[in-house]
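For the single chain, residues carry numbers from 1 onward in sequence order. Indexing begins at 1, ligand by ligand and atom by atom, following the structure's order.
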Amino acid sequence: MKHTLIIAALLSAGVVHAATGPEFDAKRLSQDVKVLSSDKFEGRGPNTAGETLTVDYLVQQFKAAGLQPGGDPVKGKPGERSWTQDVPLGRFEIKGPVALSVRDAKGTHALKQGDDLAVRASMSGSKLVDFKDAPLVFVGYGVTAPERKWDDFKGVDLKGKLAVVLINDPDFETGQGEFGGKSMTYYGRWTYKFEEMARRGALGTIIVHETAPASYGWATVKNSNTNVMYDIVRKNPAEAHAPVEAWIQRDLAADLFKRGGQDFEALKKLAQTRDFKPVQLKDVTLSGKYAVDAQVITSKNVAARVVGASRPDDTVIYSGHWDHLGVGLPDAKGDKIYNGAVDNGTGLAAMLELARAYGKAPKPARSVLFLAVTAEEKGLLGSEYYASYPLYPLATTVGVINMDALSPYGVSRNFTISGSAKLDLLDQLVAKARQWNLAYSPDPKPEAGYFFRSDHFPFAKRGVPAFSYGSGNDWVDGGIAAGKKNEQAYTTDNYHQPSDEWSAKWQFTGMAHDLGMLYSLGRDLADGKSWPNWASDAEFRAARDKSAADRK
Ligand SMILES: [Zn+2]
């Protein structure tokens, strides 16, 4: 609270709001994270006992906060809603061993799933993936971008072949070029690589993992790709997924290139130019065989609502994903539960504290929806599903404030958002932040493509103003050195690992502080009539403007 006094001393009129707004309780934040990330919740995997516990806990807390159910309409009871939205998902799991081998001029060598390659359970509809001596074709960054006059494929036929592709986009390493320099365009995302090879009818995609352009280590790749896979249910899954989707360790890839008469680094340099042409490795082929169990399951988004007093059809959304990786491969200590305390126990705790504040406060003019989505870790599927089948129209959704993996530590002097975006909503947040003594620090790693990696993105690409709020790293206690050191330690030691566990040492005072600002931003939107938009040259502006007539 000392902090509030400092702000009060520094600033004038705006401070009153900051000082008299609702209180956010660090102890409750800690308690919510502790419960949601406990071993009992089994890492909150979709369609597990952990999902039932998680959904029940969230509903119970929203109810206690005085909110209304905001989910699917209840059949046979007009006007009534449930607390959840059903999200049908395809569930794909490799059954039995994954046989992988490479053949070169000297013979056949076995490869190990998880260590050499990380092969995903196929989502193409194949029950048995079985390929023998498939040619390996290096396709550079695998980009088709007509608006940038860029085509890495040059008409190559990928039928029956495995496309070996680099992660990120062609100007990541050089830092300047057609693809936003260090910033990642969507062409740099692994989702794009898989989608593009499916469009081209390839047997499959093998992404070469490199830590810098991927922005995470092999452990993350292995853990995220070798467990159960999910997708939204599709009419023709083969259009979206080639049979083989995999990652390969960088050094093994370089070695295969060498055995195939090529130099990996030299070819990578070529791939950074427009003149690059695909190269098939000579006398090096890959074989694989594994069975896939495919089922349709139903997971749930949790939706709780404060109904607006005068403009109830307008909706402000606070969102965050409830799922994490569930139970998976054990770490060095033998721990198999991916607790997901920071990712995203913190975002859920933040949402619950905000809900408690809204529950106590006078009703806003517009409705406020608290949306805890499923299957983010499987590719933003819960938010993708909501954005495809919205419970409340997207045209009159004012904005989305998403929260994912917040800092459980002390107060910072700054904050950030995931990736970069040009939108009024961010300008409003930056202005508001001054009242909380928080400076906006743009994403220091735009090359990591974080704008495409959180649950606001399915909304953003449909034009809804949306961002993912991120905690700052310029700590009041210890400054930027302490904050950065901590960020790095989290990425290396805990991110998507069983060690992302609750700690009694976490103070949660930073979150408690910043929630005042996020509450106030949402409250301004919910009490007003304004419709924030994207900047006129932003890529999502056109999508928003299409529905302009629906907004009054
Ligand atoms: Zn997350």
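Within the structure, no pair that satisfies the ring pair (Phe, Tyr, Trp, His ring centres under 6.0 Å) test touches residues 29-68, not counting sequence neighbours. Sorted by first and then second residue, the pairs that involve residues 367-388 and meet ring pair (Phe, Tyr, Trp, His ring centres under 6.0 Å), not counting sequence neighbours, are Y318-F370, Y358-F370, Y385-Y389, Y386-F459.
Among residues two or more places apart in sequence or in another chain, the salt bridge (Lys or Arg N to Asp or Glu O under 4.0 Å) test is passed with R462 by E384.
The structure places NZ of K182 at 4.0 Å from CZ of F172, a figure rounded to the nearest 0.5 Å.
Within the protein, the number of N/O/S atoms found under 2.8 Å from the Zn ion (ligand 1) is 4.
A distance-only check finds no donor-acceptor pair linking the side chain of D500 to the backbone of N494 [under 3.5 Å].
Between K300 and the choices T52, T374, D72, D86, the side chain to side chain donor-acceptor pair (under 3.5 Å) rule is met once, by D86.
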